[in-house]
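Computation of the quantities below employed the complete heavy-atom set of this structure, encompassing side-chain atoms and omitting hydrogens, waters and symmetry-equivalent molecules.
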Amino acid sequence: MTQFDKLRAMQVLVSVADSGSFTAAGRLLDLSPVMVGRHVAALEALLGARLIQRSTRRQAFTEVGQLYLAECRRVLELVRHAEQLAEGHAASPQGQLRISAPVTLGQCVFAPLLAELLQAHERLRADLHLSDAVVDLIGDGFDAAIRIGPVLNEGLVARPLRPYRLILAASPTYLAGAPALQDPQDLARHRCLNHTVWQQGSAWQAANGQTVHWPGQAVLSANHGDALRRAALAGAGIVLQPEVLLAEDLEAGRLRQVLPGCEPPGRPVHLLYPADRLRLPKLQAFITSSLARWGAAEPPPPRPLGEL
C-alpha cells in the first residue's frame, strides 16, 4: 500500500466511524460499500489487527480500532493543515475545493457556479457532494457547506443567502382542461403531484395570511423533485417544488405559476465554513461567487453562528 493509498484508507475509516456504516460512508465518499470494505481490510492487513468487528446487524470498532481511529483523525488534520498553509500562500485559487450542498439547490445553482470558477481558475479543482443530509464539515474535510433551514452552533461562520422558495406550477396543457384555480381551497379539486418524503397532506401559513392545505391524495407521488417536474411538464397536474428547479420551465412558458402568494414561506439558506480557512484563495473565490449568484445585493458581514 502506497502512502497515498494509506491516507485514502484512513479517510475511509474515519468516514465509517462518523457515518456509522460502510454504506453511509460510501455515499459520502462516492464509493461502493464493497470498496469501502476493501480500504478497511487493507488497513487491517497492513496492521495485522482487526479494526472493526462486523456482523450482519452491527459493526463496532475494536479497542485497537479506536486507538488507530484517533491517530487517523490527527494525521488527516495535519495533512489538511499543511495543504491549507501551502494554498494560503498562493496568489490565485488552486487545489481541491470540497463543497457540500443539498441535492436540488446544489445541482441547479452551485454546480453551474463551480463550473464558472473552474473555467476562471485553471489550477482549481472541485468536489461537489450533493446530499440532503447534514455533513460534518470539518470531520469530513469540506471547505464549505450550503445548508437549508436552521443552523446549529458548530463554531462555523454562517453567511445568509437568498431564502429557498417553493412555488406551485402546472403546464398550460393541464390548466386548459382543469377546473378553475382561484383560491387554495380549489386545490382539492385538482390533480396534484406529491413529494413522498415531506409533502403529502401538509399545510402551511402563506404570506397572504391564508392557510393552505395540500391534498392528502395525489395522482402521482415520487421521492425525487425532478421526476415530479417532468410529470408536471407532461400535464399530469400541479406540482409544488423549489423555484430553482422550475425556473427555466417557467421562463420558457412550459410551466405556469399558479396561486401566487399562496406558496409556503421561504426557508433560510446559509453558506457555512470554518473561520480559519477564509484565508484560502479557493474558498474566498467560492464565497464571492456564491454571494453574487445566490446572496443578497448587500450581504451582511459574516457572524459566528452563536450570534445569529
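- For the pair Arg38/Leu31, no side-chain contact is recorded, criterion being any heavy-atom separation below 4.5 Å from C-beta on.
- Considering every non-hydrogen atom in both Leu272 and Ala158, the closest pair reads CD2-CB, 3.4 Å.
- Within the model, atoms CD1 of Ile238 and CG of Asn194 stand 11.5 Å from one another, a figure rounded to the nearest 0.5 Å.
- Evaluation of the side chain to side chain donor-acceptor pair (under 3.5 Å) test over residues 245-259, restricted to residues two or more places apart or in two chains, returns Arg229-Asp249, Asp249-Arg254.
- Under a 3.5 Å cut-off, the side chain of Asp140 and the backbone N or O of Phe142 do not form any donor-acceptor pair.
- Leu67 is not connected to Val75 by any chain of hydrophobic side-chain contacts under 4.5 Å among Ile, Leu, Val, Met, Phe, Trp and Tyr, and they are in different clusters.
- Using a distance-only test at 3.5 Å, with no hydrogens or angles considered, no donor-acceptor pair links the side chain of Ser100 to the main chain of Ala145.
- Of all the heavy atoms in Pro102 and Ile146, the pair that sits closest is CD-O, 3.2 Å.
- Residues in residues 158-183 take part in these ring-ring contact (aromatic ring centres under 6.0 Å, His included) pairs, two or more places apart or across chains: Tyr174-His190.
- Applying the side chain to side chain contact (heavy atoms under 4.5 Å, CB included) rule to Ser21 yields the partners Thr23, Ala24, Gln59; only residues at least two apart in sequence or on another chain are considered.
- Sorted by first and then second residue, the salt bridge (Lys or Arg N to Asp or Glu O under 4.0 Å) pairs with a member in residues 39-51 read Glu44-Arg50, Glu44-Arg54; sequence neighbours excluded.
- Rounded to the nearest 0.5 angstrom, His224 NE2 and His195 NE2 are separated by 7.5 Å.
- With hydrogens and angles ignored, the 3.5 Å screen pairs no side-chain donor or acceptor of Ser15 with any backbone N or O of Gln11.
- By the 4.5 Å heavy-atom criterion applied to side chains, Leu105 and Pro242 are not counted as neighbours.
- In this structure, the side chains of Val36 and Leu29 stay at 4.5 Å or more apart for every pair of heavy atoms.
- Using a 4.5 Å heavy-atom threshold, the side chains of Thr104 and Asp226 count as separate.
- For Cys72, the side chain to side chain contact (heavy atoms under 4.5 Å, CB included) test picks out Met10, Leu13, Val14, Tyr68, with sequence neighbours left out.
- The backbone N or O of Leu69 lies less than 3.5 Å from no partner atom in the side chain of Glu71, so there is not a single donor-acceptor pair.
- Atoms CG and CG, on Leu255 and Leu245 in that order, are 9.5 Å from each other to the nearest 0.5 Å.
- Linking Ile, Leu, Val, Met, Phe, Trp and Tyr whenever their side-chain heavy atoms come within less than 4.5 Å leaves Val134 and Ile99 in two separate clusters.
- In Arg189, the CZ atom is crowded: over 12 heavy atoms of neighbouring residues, nucleotides or ligands sit closer than 6.0 Å.
- Atom CG of Asp183 is separated from atom CD of Gln210 by 5.0 Å, given to the nearest 0.5 angstrom.
- When every heavy atom of His270 is checked against every heavy atom of Val151, the shortest pair comes out as ND1-CG1, 3.8 Å.
- The side-chain heavy atoms of Leu168 and Leu181, taken from C-beta on, include no pair separated by under 4.5 Å.
- Salt bridge status for Glu77 with Arg74: absent, with no side-chain N to carboxylate O gap under 4.0 Å.
- Looking at Trp204, its side chain does come within 3.5 Å of a backbone N or O of Cys262 through a donor-acceptor pair.
- Contact detail for Ala236 and Val219: the closest heavy-atom pair is O-CG2, 3.9 Å.
- Between Leu259 and Leu187 the shortest side-chain heavy-atom distance falls below 4.5 Å.
- Separation of atoms CG (Leu161) and OG (Ser290) is listed at 6.5 Å; rounding is to 0.5 Å.
- A donor-acceptor pair is defined here as one N or O able to donate and one able to accept, closer than 3.5 Å; no such pair exists between the side chain of Trp214 and the backbone of Ser202.
- Within the structure, side chain to side chain donor-acceptor pair (under 3.5 Å) contacts touching residues 109-130 (residues at least two apart or in different chains) are Gln94-Arg123, Arg98-Asp127, Glu116-Arg293.
- In this structure, Phe286 and Asp143 have side chains that are not in contact, with every pair of non-hydrogen atoms separated by 4.5 Å or more.
- At least one side-chain heavy atom of Ile52 sits less than 4.5 Å from a side-chain heavy atom of Phe22.
- Listed here is the closest heavy atom pair of Cys192 and Ala218: O-CB, 3.2 Å.
- By the neighbour-count criterion of 12 heavy atoms within 6.0 Å, atom CZ of Arg191 is sparsely surrounded, having that number or fewer from other residues, nucleotides or ligands.
- Gln241 approaches Leu228 most closely through the heavy-atom pair NE2-CD1, 3.7 Å.
- The closest donor-acceptor contact from the side chain of Asp132 to the backbone of Val103 lies under 3.5 Å.
- The distance from atom CG of Leu240 to atom CG of Leu246, rounded to the nearest 0.5 Å, is 9.0 Å.
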